[in-house]
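Input: a single structure, listed below in structure tokens.
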Amino acid sequence: MAHEGEKLTMAHTARRSGIAVAAAVLGGLLTAGCASGESHGYQTDYSNHRPLHVVGYPSTGSLETVQKAVWRLADGDTEGLAALAVDDKDAEATARNWVTSFGAAAKGEVTADFYDEGSVRQVVVLYFAKTGQIKEIEARIGEDDAWGLTLAEPDPAEASAKPRWAPAEPGATGSRSSGGQPGR
């Protein structure tokens, strides 16, 4: 039979174990709740917008970043677009310029043509079917190792300029896989 001291020690150990288990379960629920909320936001955005047509070979990070950028453009959300910047220097001014220039067009059909391989950086050309506008953007990994956009066009004329090198149609030339072969 256990002595009084042993009973207290066993009860204390059981209580500590119970607290540890409860903390682990609570932590798991909080983590799942946060992840679920983040996922819920993406799902809501996805269901509230037209689907993005994709050409080329995006990475998971570049695709998600470009998709969010198109959604922010369509919503006229300059703050949300600026929040995608990898550098804050000209992000707000550039976001305002992009929303002014492409916001209405982003509400229609948009095709994103991804160039080269996207392990750390990817050039993307957006084709806005509603207006015929074409916009080159750059998705890349920032200093915090998260994907974002280069938002460095505080001049409205520069922000709305059509890229001189991009083909008139998505997928016409240049879209490449990580192997450097032309897109199919």
Side-chain angles (χ1 to χ4, degrees), residues 42 45-46 48-184:
Y42 188 86
D45 268 344
Y46 189 84
N48 288 338
H49 297 90
R50 294 182 73 115
L52 179 68
H53 297 270
V54 177
V55 177
Y57 302 91
S59 69
T60 303
S62 65
L63 177 59
E64 181 177 343
T65 300
V66 170
Q67 178 68 82
K68 286 179 180 179
V70 172
W71 291 338
R72 301 305 167 255
L73 285 170
D75 293 343
D77 183 2
T78 57
E79 283 183 26
L81 185 58
L84 295 173
V86 291
D87 179 358
D88 292 338
K89 184 178 178 220
D90 295 317
E92 288 184 31
T94 301
R96 278 192 305 275
N97 292 336
W98 286 10
V99 166
T100 299
S101 297
F102 305 103
K107 292 178 182 179
E109 186 176 303
V110 180
T111 299
D113 197 346
F114 290 79
Y115 284 79
D116 302 314
E117 67 93 25
S119 59
V120 295
R121 177 186 165 281
Q122 200 156 30
V123 172
V124 181
V125 179
L126 300 175
Y127 294 84
F128 300 94
K130 185 175 181 180
T131 61
Q133 291 173 288
I134 301 173
K135 175 67 183 154
E136 174 189 353
I137 63 175
E138 180 187 66
R140 68 181 177 90
I141 295 178
E143 291 179 15
D144 61 354
D145 290 331
W147 278 90
L149 296 175
T150 301
L151 291 169
E153 297 173 336
D155 175 25
E158 179 185 8
S160 62
K162 177 181 175 181
R164 293 184 179 151
W165 63 270
E169 299 288 324
T173 62
S175 298
R176 296 179 191 85
S177 71
S178 58
Q181 300 298 317
R184 299 185 238 301

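We count residues from 1, following the sequence as given.
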Any side-chain heavy-atom pair from [X] and [Y] closer than 4.5 angstrom?
{"X": "Val54", "Y": "Phe114", "result": "yes"}
{"X": "Val124", "Y": "Asp113", "result": "no"}
{"X": "Leu151", "Y": "Asp87", "result": "no"}
{"X": "Trp98", "Y": "Ser160", "result": "no"}
{"X": "Val123", "Y": "Asp116", "result": "no"}
{"X": "Val86", "Y": "Trp147", "result": "no"}
{"X": "Val55", "Y": "Thr111", "result": "yes"}
{"X": "His53", "Y": "Pro170", "result": "no"}

Any residue meeting side-chain hydrogen bond (donor to acceptor under 3.5 Å, both in side chains) with Thr150, in chain and number order, not counting sequence neighbours: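 Thr150 satisfies side-chain hydrogen bond (donor to acceptor under 3.5 Å, both in side chains) with Glu138, Arg140 once adjacent residues are dropped.
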
With sequence neighbours excluded, tell me which residues meet side-chain hydrogen bond (donor to acceptor under 3.5 Å, both in side chains) with Thr131.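 Per chain and number, Thr131 pairs via side-chain hydrogen bond (donor to acceptor under 3.5 Å, both in side chains) with Gln133.
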
For [X] and [Y], which heavy atoms make the closest approach, and how far apart are they?
{"X": "Leu52", "Y": "Gln67", "answer": "CB-OE1, 3.2 Å"}
{"X": "Ala105", "Y": "Val110", "answer": "O-CG2, 4.2 Å"}
{"X": "Pro58", "Y": "Leu63", "answer": "CB-CB, 3.9 Å"}
{"X": "Ile134", "Y": "Lys162", "answer": "CD1-CE, 3.5 Å"}
{"X": "Ala166", "Y": "Tyr127", "answer": "CB-OH, 4.2 Å"}

Give, for atom [atom1] of [X] and atom [atom2] of [Y], the distance between the pair rounded to the nearest 0.5 Å.
{"X": "Ser59", "Y": "Glu64", "atom1": "OG", "atom2": "CD", "answer": "10.0 Å"}
{"X": "Thr94", "Y": "Lys89", "atom1": "OG1", "atom2": "NZ", "answer": "10.0 Å"}
{"X": "Ile141", "Y": "Gln122", "atom1": "CD1", "atom2": "CD", "answer": "10.5 Å"}
{"X": "Arg72", "Y": "Thr78", "atom1": "CZ", "atom2": "OG1", "answer": "11.5 Å"}

Between the side chain of [X] and the main-chain N/O of [Y], is any donor-acceptor distance below 3.5 Å?
{"X": "Asn97", "Y": "Ala159", "result": "no"}
{"X": "Asp90", "Y": "Ala93", "result": "no"}
{"X": "Asp144", "Y": "Ala146", "result": "yes"}

Glu158, CD: over 12 other non-hydrogen atoms inside 6.0 angstrom: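 Result for CD/Glu158: enclosed.
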
Please state whether the rings of Trp165 and Tyr115 are parallel, tilted or perpendicular, taking 30° and 60° as the class boundaries.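 Plane angle over 60°, so perpendicular.
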
For the residue pair Ser62 / Thr65, report whether a side-chain donor-acceptor contact shorter than 3.5 Å exists.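 Judged by distance alone, the side chains do not pair up.
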
Do the charged groups of Lys135 and Glu153 touch, with an N to O distance under 4.0 Å?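 Counted as a salt bridge, because a side-chain N and a carboxylate O are separated by less than 4.0 Å.
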
For residues 73-96, which residue pairs pass the ring pair (Phe, Tyr, Trp, His ring centres under 6.0 Å) check, not counting sequence neighbours?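 Sorted pair list comes back empty.
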
